[in-house]
Trainee: 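Before I ask anything, here is the structure I am working with.
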Amino acid sequence: MFTRSCLAAATVGLMLSLAACGGADVKSEISTTTKGQQLLDLKKAHEAGALTAAEYEAERKKVLNAD
């Protein structure tokens, strides 16, 4: 009887402790685009008129200075 009560209490405790694990929102950002591809995309956008010359230069500098 005592063993069954201990087992039940341990099960409830484990369930309660695991229930708290699912509430965290984890967000990560992974970029698989190379700097070269980003620069080509920026140039294409600039040539298409989607970016002004100033916007193109600012974004190009960001890409080149990114680690």
Side-chain angles (χ1 to χ4, degrees):
M1 178 84 167
F2 178 74
T3 304
R4 185 178 273 181
S5 297
C6 288
L7 182 58
T11 302
V12 170
L14 180 62
M15 291 172 76
L16 289 175
S17 66
L18 291 177
C21 294
D25 286 334
V26 177
K27 295 181 182 181
S28 64
E29 187 173 319
I30 299 173
S31 176
T32 58
T33 307
T34 64
K35 284 186 181 186
Q37 185 61 53
Q38 288 176 327
L39 293 171
L40 289 173
D41 291 345
L42 284 173
K43 183 176 181 183
K44 193 175 190 181
H46 174 61
E47 290 172 349
L51 295 174
T52 65
E55 291 170 331
Y56 168 74
E57 283 301 318
E59 292 300 317
R60 188 180 70 82
K61 287 178 183 178
K62 285 182 191 177
V63 170
L64 291 173
N65 291 327
D67 287 331

Trainee: Would you give the length of the straight line joining atom CG of Leu40 to atom NZ of Lys35, rounded to the nearest 0.5 angstrom?
Mentor: 14.0 Å

Trainee: Under a 3.5 Å distance rule, please check whether Gln37 uses its side chain to pair with a backbone N or O of Thr34 as donor and acceptor.
Mentor: no

Trainee: Can you list the steps and then say if Glu47 with Lys44 is a salt bridge (Lys or Arg N to Asp or Glu O under 4.0 Å)?
Mentor: CA-CA 5 Å; Glu47 290 172 349; Lys44 193 175 190 181; over 6 Å; no

Trainee: To the nearest 0.5 Å, tell me how far Leu64 CG sits from Glu59 CD.
Mentor: 11.5 Å

Trainee: Say you draw a straight line from OG1 of Thr33 to CD of Gln38; how long is it, rounded to the nearest 0.5 Å?
Mentor: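 Those atoms lie 6.0 Å apart.
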
Trainee: Looking at NZ of Lys61 and CG of Leu42, how far apart are the two atoms once the value is rounded to the nearest 0.5 Å?
Mentor: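 Rounded to the nearest 0.5 Å, the NZ-CG separation comes to 13.5 Å.
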
Trainee: Quick one: do Lys43 and His46 satisfy side-chain contact (heavy atoms from CB on, under 4.5 Å)? Show the steps, please.
Mentor: CA-CA 5 Å; Lys43 183 176 181 183; His46 174 61; 5.6 Å; no

